[in-house]
Structure formats: C-alpha cells, structure tokens
K.L.:
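Here it is, the structure in full.
Quantities reported herein were computed from a predicted structural model and do not represent experimental measurements.
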Amino acid sequence: MMATQEQINAARRTIEQLRDQHANDVRKLIGLLESGAMKGRAADRLIEDCKAWEAAYKNVFNRALALVDGAAATEPGRAS
C-alpha cells in the first residue's frame, strides 16, 4: 500500500520536528560543555564526540527526508 500525499507530508513534518528538537538539544549540550560545565581533557573529548554525533544525526535526518521526498503518493480514490 502506498502512502497518500497527506501521509507523506505528515511524515516530513515529524522528521523535521525531530531533527530540529535533536539539533537544539545537542547544541545546548555543546554550549553547556563549552561554557565550562566540565573542564579538562575529558570535556574536550566529549565536546568533539557531541559535534560528531550532531553531524551524524544531521546526515540521518537528511537521508530520511530524502526518502520521504522520493516517496510516490497514491492519488485520492486510487488503491494500490
């Protein structure tokens, strides 16, 4: 069964919301660490890990959006 355009649009909105929420959470964590909440070598490594995590998740969300954008919708009233 293929998705309707409304379902595709809803999926896109959900992915975008999750992407934005995740990006804000990770940026807050990085900001907290960079402001000195933790100090030393372990903090520096954690900041690097968080930045890598942010980049990896950004890629995952971009791929998910590309898949949603590539999904073909069924026309209303047509069953597949």
Side-chain angles (χ1 to χ4, degrees):
M1 181 173 153
M2 294 181 71
T4 64
Q5 189 61 48
E6 292 80 21
Q7 291 169 320
I8 292 169
N9 293 342
R12 180 174 235 305
R13 284 191 303 275
T14 300
I15 293 167
E16 288 171 340
Q17 288 172 336
L18 289 170
R19 177 199 61 200
D20 295 344
Q21 178 184 346
H22 170 76
N24 289 333
D25 290 345
V26 173
R27 279 191 222 110
K28 285 179 188 176
L29 178 56
I30 292 169
L32 182 66
L33 293 167
E34 289 179 336
S35 72
M38 279 178 63
K39 295 186 187 312
R41 204 167 179 189
D44 294 340
R45 282 186 296 213
L46 185 54
I47 290 169
E48 287 177 26
D49 288 346
C50 286
K51 288 179 179 179
W53 184 26
E54 180 180 29
Y57 271 95
K58 185 176 183 178
N59 186 36
V60 168
F61 286 118
N62 287 339
R63 288 188 328 202
L65 288 170
L67 287 171
V68 168
D69 288 342
T74 57
E75 293 177 26
R78 280 185 74 188
S80 293

K.L.:
Show, in sequence, the C-alpha distance, side-chain angles and deciding distance for Asp20 and Gln17, and conclude whether the side chain to side chain contact (heavy atoms under 4.5 Å, CB included) test is met.
P.N.:
CA-CA 5 Å; Asp20 295 344; Gln17 288 172 336; 5.9 Å; no

K.L.:
Working to the nearest 0.5 angstrom, can you tell me the gap between Asn9 CG and Gln5 CD?
P.N.:
4.5 Å

K.L.:
When you measure from the side chain of Gln7 to the backbone of Thr4, do you find a donor-acceptor pair of N or O atoms at a distance under 3.5 Å?
P.N.:
yes

K.L.:
In Å, rounded to the nearest 0.5 Å, how long is the span from CG of Leu67 to CG of Asn62?
P.N.:
11.0 Å

K.L.:
Treating Ile, Leu, Val, Met, Phe, Trp and Tyr as nodes and any side-chain heavy-atom pair under 4.5 angstrom as an edge, say whether Tyr57 and Leu18 lie in one connected cluster.
P.N.:
yes

K.L.:
Just verifying a value: how many Å separate Asp44 CG and Asp49 CG, rounded to the nearest 0.5 Å?
P.N.:
11.0 Å

K.L.:
Between Glu54 and Lys58, does at least one N-O distance fall below 4.0 Å, as a salt bridge requires?
P.N.:
no

K.L.:
Verify side chain to side chain contact (heavy atoms under 4.5 Å, CB included) between Gln21 and Asn24, making sure each step is shown before the conclusion.
P.N.:
CA-CA 5 Å; Gln21 178 184 346; Asn24 289 333; 5.8 Å; no

K.L.:
Are Met38 and Leu29 connected in a single hydrophobic cluster, I mean Ile/Leu/Val/Met/Phe/Trp/Tyr linked by side-chain heavy atoms less than 4.5 Å apart?
P.N.:
yes

K.L.:
Look at the rings of Trp53 and His22 and say which category their plane angle falls in: under 30° parallel, 30 to 60° tilted, over 60° perpendicular.
P.N.:
perpendicular

K.L.:
Under a 4.5 Å cut-off applied to non-hydrogen side-chain atoms, are Arg12 and Ile8 in contact?
P.N.:
no

